[in-house]
2 protein chains.
Amino acid sequence: MVRNEIQEIRMKEYFIDAAREILKGEGLKSISVRNIAERAGYSYATLYNYFNDVKDLIFECVKDFQKECDQFVEAGSKNSRRGLPRIKSITKAYINYFVQYPGIFELFFIESTNDFVNKKTDLQVITGSLNRLCEPELIYCVENEVLTKHSADKMINQLLYSVVGLLTLYINRRQPKTYKEFMANVETELTNIINK
Amino acid sequence: MVRNEIQEIRMKEYFIDAAREILKGEGLKSISVRNIAERAGYSYATLYNYFNDVKDLIFECVKDFQKECDQFVEAGSKNSRRGLPRIKSITKAYINYFVQYPGIFELFFIESTNDFVNKKTDLQVITGSLNRLCEPELIYCVENEVLTKHSADKMINQLLYSVVGLLTLYINRRQPKTYKEFMANVETELTNIINK
DNA sequence: TTCATTATATTAACACTGTTAATAAATATA
DNA sequence: TATATTTATTAACAGTGTTAATATAATGAA
């Protein structure tokens, strides 16, 4: 019962890495316990020696993607001017991360009825991630009297709704059809929300 | 091979009605061919004598729900003053229809990776439905010079994005937690978009 | 009415899904 | 080396959509 910690972590990672590859590539529709295990080089039942169920495994991926997304956004926004311009950059980078990995958007915002990711706290963490990324800049804006506390709250709400709407329609429903059109719509929406 | 038309339509409706009941009640997660057939009083394989596959059946439901949604919106907005106020009423009614039947929202805007509803034209019809409902009022606004053609296009786009974002987060992710909070957010968003 | 043909409904089966229990294999301990 | 423990695998269950083969019901002609 007292399993070697290092070995256990290593084993877990084999499965997590396999699952991440599938999610990034084919997306949620292609993931299955047998699929993950095969890619990890083990039998499907072995997975259950390291995870309670597939939800637990998938949520480990969610946490990793979350970190990756944070880094992607950081890299894509650090050179922007602080305040409103950086909020715009952060949001654009956030959107582009999910455009690059539609399967991860599915996992973060769409999936619910199927059997992955259902812990309440997990959901709060996911839906709050744009908020968390923008928070330093929102505080900066309030401190410099560019925004009131109330208008900052309102703005981050509007941003999240528009981002989720834009991405849901583009990723899930192919509307608009091209990336160029999509990004033009993104620009319009963000300008309207951020620059009033 | 030359089946009685009336009987065929009747049979189709038995399955469609059964599927609609399930979708309205438990939602997409609970639907299955065996489930539908049992509720219709037939064997699961009989369904395939009347539909090519379950996607075809589900899309018949989509069309029905579409009509029902139109009527619901019509009833909830016909007494509003024409122009911008009615656009707001239409959008609110549209939102409330999906709040009442979250499973239908799933079917209309979320589902894609799973195996229901995938014909391209069908998707266009669904995502264009708010646009279609608002169109007479948008034209009215342009004619009365309340809006320019360009600002009308922009408005309907923003409306759709916000509506889908609001509903996705509320239905799929329980954010915000209460209906009251949700409707307050709806009001804020719609006011911001429609009344500038 | 009886028989043959056609149309419709049903059961059995296939390939998948997540998960669990029983078994096989590998490792560690004495 | 022999025993005990840990880890991995196969077999199985209940579920999914779908298809082929079979059973039942309805219809036609004699």
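Please read all numbers here as calculations on a predicted model, not as lab measurements.
- When the side-chain nitrogen and oxygen atoms of Thr46(B) are compared with OP1 and OP2 of dT10(C), one or more of them lie within a distance under 4.0 Å.
- Separating the CZ atom of Phe51(B) from the P atom of dA9(C) is a distance of 12 Å, rounded to the nearest angstrom.
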Which atom pairs, one a donor and one an acceptor, fall under 3.5 Å between side chains of residues 184-191 of chain B and the rest of the protein, sequence neighbours left out?
unit_1: Asn185(B); atom_1: ND2; unit_2: Tyr161(A); atom_2: OH; d: 2.7
unit_1: Glu187(B); atom_1: OE1; unit_2: Lys92(B); atom_2: NZ; d: 2.5
unit_1: Glu187(B); atom_1: OE2; unit_2: Lys88(B); atom_2: NZ; d: 2.9
unit_1: Glu187(B); atom_1: OE2; unit_2: Thr191(B); atom_2: OG1; d: 3.0
unit_1: Thr188(B); atom_1: OG1; unit_2: Ala184(B); atom_2: O; d: 3.0
unit_1: Thr191(B); atom_1: OG1; unit_2: Lys88(B); atom_2: NZ; d: 3.1
unit_1: Thr191(B); atom_1: OG1; unit_2: Glu187(B); atom_2: O; d: 2.7

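- Partners of Tyr170(A) according to the side chain to side chain donor-acceptor pair (under 3.5 Å) rule, which considers only residues two or more places apart in sequence or in another chain, do not exist here.
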Could you go through nucleotides 23-26 of chain C and list every protein N or O atom that sits under 3.5 Å from one of its N or O atoms, giving the distance for each pair?
none

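- Taking 4.0 angstrom as the limit, Tyr48(B) places none of its side-chain polar atoms (N or O) nearer than this to OP1 or OP2 of dT8(C).
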Please list, for nucleotides 13-17 of chain C, all pairs of protein and nucleotide N/O atoms separated by less than 3.5 Å.
unit_1: dA13(C); atom_1: N6; unit_2: Arg34(B); atom_2: NH2; d: 3.3
unit_1: dT17(C); atom_1: OP1; unit_2: Ser32(A); atom_2: OG; d: 3.0

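- Nearest to the side-chain atoms of Ala45(A) among the listed nucleotides dT20(C), dT18(D), dT7(D) stands dT20(C).
- Phe72(B) is linked by a ring-ring contact (aromatic ring centres under 6.0 Å, His included) to Tyr97(B), counting only residues two or more places apart in sequence or in another chain.
- Nearest nucleotide to the Tyr42(A) side chain, out of dG17(D), dT9(D), dT10(C): dT9(D).
- Residues satisfying the side-chain contact (heavy atoms from CB on, under 4.5 Å) test with Lys63(B), not counting sequence neighbours, are Phe59(B), Glu60(B).
- Listed by chain and number, the residues in a side chain to side chain donor-acceptor pair (under 3.5 Å) with Arg20(A) are Asp17(A), Asp64(A) (sequence neighbours excluded).
- Under 3.5 Å, the side chains of Gln124(A) and Arg174(B) contain no donor-acceptor pair of N or O atoms.
- With sequence neighbours left out, the ring-ring contact (aromatic ring centres under 6.0 Å, His included) criterion links Phe98(A) to Tyr94(A), Phe105(A), Phe108(A), Phe109(A).
- Here dT18(D) is the nucleotide among dT18(D), dA8(D), dT19(C) with the atom lying nearest to any side-chain atom of Asp53(B).
- End-to-end axis angle for the helix from dT5(C)-dA26(D) to dA30(C)-dT1(D), using five pairs per end and rounding to 10°, comes out at 30°.
- Between the C1' atom of dT18(D) and the NZ atom of Lys55(B) lies a distance of 12 Å, rounded to the nearest Å.
- Separating the CG atom of Leu57(B) from the P atom of dT16(D) is a distance of 15 Å, rounded to the nearest angstrom.
- Residues forming a ring-ring contact (aromatic ring centres under 6.0 Å, His included) with Tyr140(A) (at least two apart in sequence, or on another chain): none.
- Every residue two or more places apart in sequence or in another chain that forms a side chain to side chain donor-acceptor pair (under 3.5 Å) with Ser151(B) is listed here: Thr148(B).
- Residues Ser89(B) and Ser80(B) bring a donor and an acceptor atom of their side chains to less than 3.5 Å of each other.
- For residues 16-45 of chain A, every residue pair satisfying the ring-ring contact (aromatic ring centres under 6.0 Å, His included) rule, not counting sequence neighbours, is listed here: Phe15(A)-Tyr42(A).
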